[in-house]
Amino acid sequence: MNLALLIPEITLAVFAVLVILLDLGVRQKTVLRSVALAGLVIAGGVTAAMWGGSYPAQFSNMLAVDHFALFFKLLFAGIAFLVILASADYVDKFARFQGEYYALILLSTLGMMLMAATADLISLYIALELTSISLYVLVGFLKDRKSTEASLKYLLLGAIASAVLLYGMALIFGYTGQTQLGAIARAIQSMPPSAVMDSPALLMGIVMLIAGFGFKIAAVPFQMWVPDVYEGAPTPVTAYLSVGSKAAGFAIILRVFFSAFGMPDWLSANWGAIFAVLAVISMIVGNVAAIPQANIKRLLGYSSIAQAGYLMVGLATFGFAPASSVLGQSGILFFLASYALTNLGAFIAVIAISNKIGSDEIADFAGMFKRAPVLALALTFCLVSLIGMPPAAGFMAKFYIFSAAAQNGLLWLVVIAAINSVISAYYYLRVVKVMWSGEAASGEKVPSSGAPRLALFICCLGVLLLGVIPGLVMRLAEVAGRLFAF
Amino acid sequence: MSVGLEHYLVLSAVLFCIGLYGALTKRNAVIILMCIELMLNAVNISLVAFSRYVVPTLLTGQVFAIFVMVVAAAEVAVGLAIILAIYRGLTDIDASNINLMKW
């Protein structure tokens, strides 16, 4: 046991408590934001310093501190940092509860970090619930009817999903007698294939795990909560949900399915096929349902369902060729990094605009290019990246995932994904068209303040850099993708 | 007749299905929450039964069940708070009236 390896997580927990305590005594609430940001910087810095080392799994193999976990910890710290920066103006809507807001964001980040590091079904469940329960509260933070309704829907559906997930875990535990992921893999490999096929408990368990995780990553048919929760939640929380929660879900799927069910090949081909089917229906449902949406948050919600579909193309590749497709794994990691920057950028621009004009309707964004040229330009750039057009990061991300799929015999899936990318261009560009050529409701400028501008600048710069020179992050993703067998 | 692993698993599966059925059909938000609790406790039964019959020397399943109970309690606390917030605005917790947003 080496507590020093847990410094990022301990830091976040300490700072979350510190923010709540300071909230009691401090009058100047912006201090709380600085404290929360400092906690994230320390956690991220320590994580970055640990990169390159090789550490054994901790706490009787419950937590892994490998490059895969470190990559995701850095990603989550970065996401939370940007979300807190972006909520600088928005928090005025719940001025009295800023302390709890920042503390809950830190706690859910802590949960996500543990999700990426977990190597045991028990710690997996706890990490997942730590993330989810913090998010349930955050979604209801506005306390108006829409927000509490979104929160209740999220909680009830999330609890049902986690009950199904637990049932799957119980079946897997019952079948193998193990909860540690590596031990599960060894137990499965020691059985003859016919024994595994004759007893459906393991396969049933895997299907239930996919259902539970599918809820987290918003894959169709577990996506029912997405549009409502995205619309009702405070917009910074929506941004956080759409990238953080999704990335954590993919981290945990990669970890569990690679470590526990990656061998033998026929087993991984089976769940690879499930993910291929889910990918197809997620892309189609997400993209088609996004077309008629009038609310920008709902539109981005459906778009995030479609993006989960593209990511699942990577998971399918991973299932069909778990040993040979490093490009598949690292493609998912790269896609998640670029998707995080892109979607956060889009949401930050939406927060800045809609907070001032008091509306999330796309029609009210008309003429925004004249009223807020910088914000409109940034939003356009992020939407272009979501379509997957160069020079933005979205292009390279899709390129890596699709080429890995094509190399491993999933060309049909790539064709469907490419057709869907074209469909998606329609509704993303509709927003762009409204902003650039629509008639403005008033000539009044839409001002924006420093912190969100900084966050937006970081996002757009990141999207551009990942699109033009993807090599650096891709190398990190390759190291992280290769090293998570233990 | 001796009671074996199968009996516990059947009981657990039946309870889980009752819980799922209730969660999908009931209108009162508190009852939906109760049905979810039923689902989680059904899982606990199978965890403990598996632990007793599959790995009798270890306590993995029992420990897992305790963690599930603790987390479920936290979840219900948050759930009831949210239901209370809805009740304040709506003086009603009928899930079919909580319908401001539809797709």
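Order of the sequence lines sets the chain letters (A, B, ...), proteins ahead of strands, with each chain counted from 1.
Looking at B/Val68, both its backbone and its side chain come within 4.5 Å of chain A, counting heavy atoms on both sides. Both the backbone and the side chain of B/Val71 come within contact range of chain A, with heavy atoms under 4.5 Å apart. Using a 4.5 Å cut-off between heavy atoms, B/Ala49 does not touch chain A at all. At a 4.5 Å heavy-atom cutoff, the contact between A/Leu155 and chain B is made by side-chain atoms alone. Of the two parts of A/Lys143, neither the backbone nor the side chain holds a non-hydrogen atom closer than 4.5 Å to a non-hydrogen atom of chain B. Residue B/Leu5 does not touch chain A at all, counting heavy-atom pairs closer than 4.5 Å. Heavy atoms of B/Phe64 lying under 4.5 Å from chain A belong to its backbone as well as its side chain. Residue contact with chain B, scored on non-hydrogen atoms closer than 4.5 Å, involves the backbone and the side chain of A/Tyr167 alike. Contact annotation for A/Leu130: neither backbone nor side-chain heavy atoms come within less than 4.5 Å of a heavy atom of chain B.
Contact annotation: the side chain of A/Tyr125 approaches that of A/Met169 to within less than 4.5 Å [non-hydrogen atoms, C-beta and beyond].
In summary, the side chains of A/Ser424 and A/Asn287 do not present any donor paired with an acceptor at a separation below 3.5 Å, with no hydrogens or angles considered.
Here A/Leu166 is the residue among A/Asp144, A/Leu166, A/Ile133 with the most heavy-atom pairs under 4.5 Å with chain B.
Checked against a 6.0 Å centroid threshold, the rings of A/Phe141 and A/Tyr101 count as neighbours.
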Practice prompt. Apply side chain to side chain contact (heavy atoms under 4.5 Å, CB included) to the pair B/Ser46 and B/Phe16, showing each step before the final yes or no.
Written response: CA-CA 10 Å; B/Ser46 54; B/Phe16 189 84; over 6 Å; no

Worksheet item: Under the side chain to side chain contact (heavy atoms under 4.5 Å, CB included) criterion, do A/Tyr175 and A/Met191 qualify, and how do the steps go?
Response: CA-CA 11 Å; A/Tyr175 188 68; A/Met191 295 171 198; 3.5 Å; yes

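For the pair A/Glu231 and A/Arg298, the salt-bridge criterion is met [side-chain N within less than 4.0 Å of a carboxylate O].
Of all heavy-atom pairs spanning A/Leu171 and B/Phe50, the tightest one is CA-CE1, 4.2 Å.
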